[in-house]
Student: 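Please find one structure pasted underneath; my questions will follow.
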Amino acid sequence: LQSVPSWVSTVVGGADVQDSELIIELVGFSEDGRRCAGLGIRRFFGDTSLSEPWRQITDYVTTFTCKTEDGRTVKPRLVCIDSGGHRTATVYALSLACPIFRCVKGSASYAEKKGGERSIVERLTTRTTYIGASKAKIALIFVGTIFGKSRISAEVRKTAYSEKPGDEDWIWSDDPILGYTTPHYWDEMTSNVEVQTDKGIKYVLAAGAHDESLDCRNYALCAFELVRQFGKNLPAFTMEIQQAGQTKDYSDEVSDVMTEVNAPPSKPKRQLSEREVEAIKSKRAEVKADSERKRTVDGSLRRKFKHF
């Protein structure tokens, strides 16, 4: 990767999950979040019910480094990965095995802080999952997708119609290796149509289109907002939520995120007693006899009034 602008202070990422691929984009943000630079979008192809794509994306994130123009080395601090669609249980397990990944779920509403200020982070909560036979709680962040898509749409338009290239707040590299020069990428970034409804703005996916690249940038915005809100306390914040209640850190147990993912504890079926079996048989016979009686009565009434 070529050197990134000197104003990049934080690197975060957004990832989307499909049945046949994992997509991730890493983005560098300025300290105030106004400016950002795309550091590359990658697609890891393969059946995501298997472990290989997950190992690849984990290795990519944990080994990624880049240098700024003023000589600093920066690494990803946080990656928000979608858990609201495909492979939910695997995403949960990944966030426990590799805490740099945080689970997010899209929410089509504006999130407002105190004072009416809007934010892409709608709310923080937890979800319960199973790792083998162990019960665990994971942190889950709801993303205000309308807020994010509104900002992305505005920045894309600003870049497209800019009269002074290089003055934009958001920049995309023209290095083909980074994935921003393909028509496919920009088709996905502009795939959502803004619709005005009685309840406000809504974004609708165009027929036959895909928006994985758009979602990745949206989740990257959420990741940066989390880092900005919590700063150096972010790791403590995530582990605190994971360990809420009677739970623990399962990072050591989940070395392979595909090992018995989401398998609830096996409970042997209780054998029914003879008395319970007889009661069930008697109830079934009673229901059957009642059904036969109703059918006979209905049939006789239909024959009686057939001439009507």
Student: Any side-chain heavy atom of Phe101 within less than 4.5 Å of one from Thr62?
Tutor: no
Student: Do Ser51 and Arg55 have side-chain N/O donor and acceptor atoms under 3.5 Å apart?
Tutor: yes
Student: Run the side chain to side chain contact (heavy atoms under 4.5 Å, CB included) test on Val61 and Ile100 for me, step by step, so that the C-alpha distance in whole Å, both residues' side-chain angles and the decisive distance to 0.1 Å come before the verdict.
Tutor: CA-CA 9 Å; Val61 171; Ile100 195 172; 3.8 Å; yes
Student: With a 4.5 Å cut-off on side-chain heavy atoms, are Thr48 and Leu22 touching?
Tutor: yes
Student: Would you sort out whether Glu155 and Lys158 count as a salt bridge (Lys or Arg N to Asp or Glu O under 4.0 Å), showing the intermediate values?
Tutor: CA-CA 5 Å; Glu155 294 294 345; Lys158 188 187 300 183; 3.7 Å; yes
Student: Are there over 12 heavy-atom neighbours, none belonging to His210, within less than 6.0 Å of that residue's NE2?
Tutor: no
Student: Suppose the criterion is salt bridge (charged side-chain N to carboxylate O under 4.0 Å, His left out): which pairs have a residue in residues 3-22, not counting sequence neighbours?
Tutor: Asp19-Arg87, Glu21-Arg43
Student: Got a second to check how far Trp7's CH2 is from Ser9's OG, nearest 0.5 Å?
Tutor: 9.0 Å
Student: Quick one: CG on Asp174 to OG1 on Thr181, what's the gap to the nearest 0.5 Å?
Tutor: 8.0 Å
Student: Flag the pair Phe44 / Asp59 as yes when at least one side-chain heavy-atom distance between them is below 4.5 Å, and no otherwise.
Tutor: no
Student: Let me confirm one number: the CG-CZ distance from Leu94 to Arg102, rounded to the nearest 0.5 Å.
Tutor: 9.0 Å
Student: Does Val4 reach the side chain of Lys67, with side-chain heavy atoms less than 4.5 Å apart?
Tutor: no
Student: Is there a path of hydrophobic side-chain contacts, each under 4.5 Å between heavy atoms of I, L, V, M, F, W or Y residues, that connects Val27 with Phe230?
Tutor: yes
Student: Check whether any side-chain heavy atom of Ile152 sits under 4.5 Å from a side-chain heavy atom of Asn218, and report yes or no.
Tutor: yes
Student: Scan for salt bridge (charged side-chain N to carboxylate O under 4.0 Å, His left out) pairs involving residues 206-223, sequence neighbours excluded, and state none if there are none.
Tutor: Glu25-Arg217
Student: Is any side-chain heavy atom of Ser20 closer than 4.5 Å to a side-chain heavy atom of Phe45?
Tutor: no
Student: Return yes if a side-chain donor-acceptor contact under 3.5 Å exists between Asp175 and Ser173, otherwise no.
Tutor: no
Student: Could you tell me the separation between the OG1 atom of Thr159 and the CD1 atom of Ile171, rounded to the nearest 0.5 Å?
Tutor: 9.5 Å
Student: Can you classify the ring geometry of Tyr180 versus Tyr185 as parallel (below 30°), tilted (30 to 60°) or perpendicular (above 60°)?
Tutor: perpendicular
Student: Could you check Ile23 against Ile41 for side chain to side chain contact (heavy atoms under 4.5 Å, CB included), going step by step and ending with a plain yes or no?
Tutor: CA-CA 7 Å; Ile23 310 98; Ile41 186 163; 4.0 Å; yes
Student: Do the non-hydrogen side-chain atoms of Val143 and Val121 ever get within less than 4.5 Å of each other?
Tutor: no
Student: Can you tell me how far CG of Asp70 sits from CZ of Arg72, rounded to the nearest 0.5 angstrom?
Tutor: 4.5 Å
Student: Show your working on salt bridge (Lys or Arg N to Asp or Glu O under 4.0 Å) between Asp82 and Lys105 and close with a plain yes or no.
Tutor: CA-CA 6 Å; Asp82 181 28; Lys105 186 175 182 180; over 6 Å; no
Student: Taking side chain to side chain donor-acceptor pair (under 3.5 Å) as the criterion, tell me which of Ser150, Ser191, Ser153 meets it with Tyr203.
Tutor: Ser150
Student: Determine, step by step, whether Tyr219 and Phe224 satisfy the side chain to side chain contact (heavy atoms under 4.5 Å, CB included) criterion, reporting the C-alpha distance in whole Å, the side-chain angles of both residues, the deciding distance to 0.1 Å, and the verdict.
Tutor: CA-CA 9 Å; Tyr219 301 145; Phe224 174 75; over 6 Å; no
Student: Going from CD1 on Ile138 to OG1 on Thr128, what distance comes out if it is rounded to the nearest 0.5 angstrom?
Tutor: 8.5 Å
Student: Is it possible for you to check whether Arg42 lies under 6.0 Å from the centre of the six-membered ring of Tyr60, through NZ or CZ, and within 45° of that ring's axis?
Tutor: yes
Student: With distance as the sole test, does Ser95 use its side chain to make a donor-acceptor pair with the main-chain N or O of Pro99 at under 3.5 Å?
Tutor: no
Student: Should the pair Arg228-Glu225 be classified as a salt bridge under the 4.0 Å nitrogen-to-oxygen rule?
Tutor: yes
Student: Mind checking whether Tyr92 and Cys103 have side chains closer than 4.5 Å, heavy atoms only?
Tutor: yes
Student: For Glu31, does the CD atom sit with more than 12 other heavy atoms under 6.0 Å from it, leaving out its own atoms?
Tutor: no
Student: Measure across Ile57 and Ala15 and return the closest heavy-atom pair with its distance rounded to 0.1 Å.
Tutor: CD1-CB, 4.3 Å
Student: Would a distance-only check, ignoring hydrogens and angles, find a side-chain to backbone donor-acceptor pair under 3.5 Å from Ser213 to Glu188?
Tutor: no
Student: List the atom of Gly13, the atom of Ala223, and the distance in Å for their closest heavy-atom pair.
Tutor: O-CB, 3.7 Å
Student: Does atom CG of Leu205 have more than 12 heavy-atom neighbours, drawn from other residues, nucleotides or ligands, at distances under 6.0 Å?
Tutor: yes
Student: For Val12 and Leu26, what are the C-alpha separation, side-chain angles and deciding distance, and is it a side chain to side chain contact (heavy atoms under 4.5 Å, CB included)?
Tutor: CA-CA 6 Å; Val12 293; Leu26 295 179; over 6 Å; no
Student: What's the shortest heavy-atom distance between Pro53 and Leu50, and which atoms?
Tutor: CD-O, 3.6 Å
Student: Report yes or no: does Thr126 contribute a side-chain atom to a donor-acceptor pair with the main-chain N or O of Ala139 at less than 3.5 Å?
Tutor: no
Student: Between Leu226 and Cys80, what is the shortest heavy-atom contact and its length?
Tutor: CD1-SG, 4.0 Å
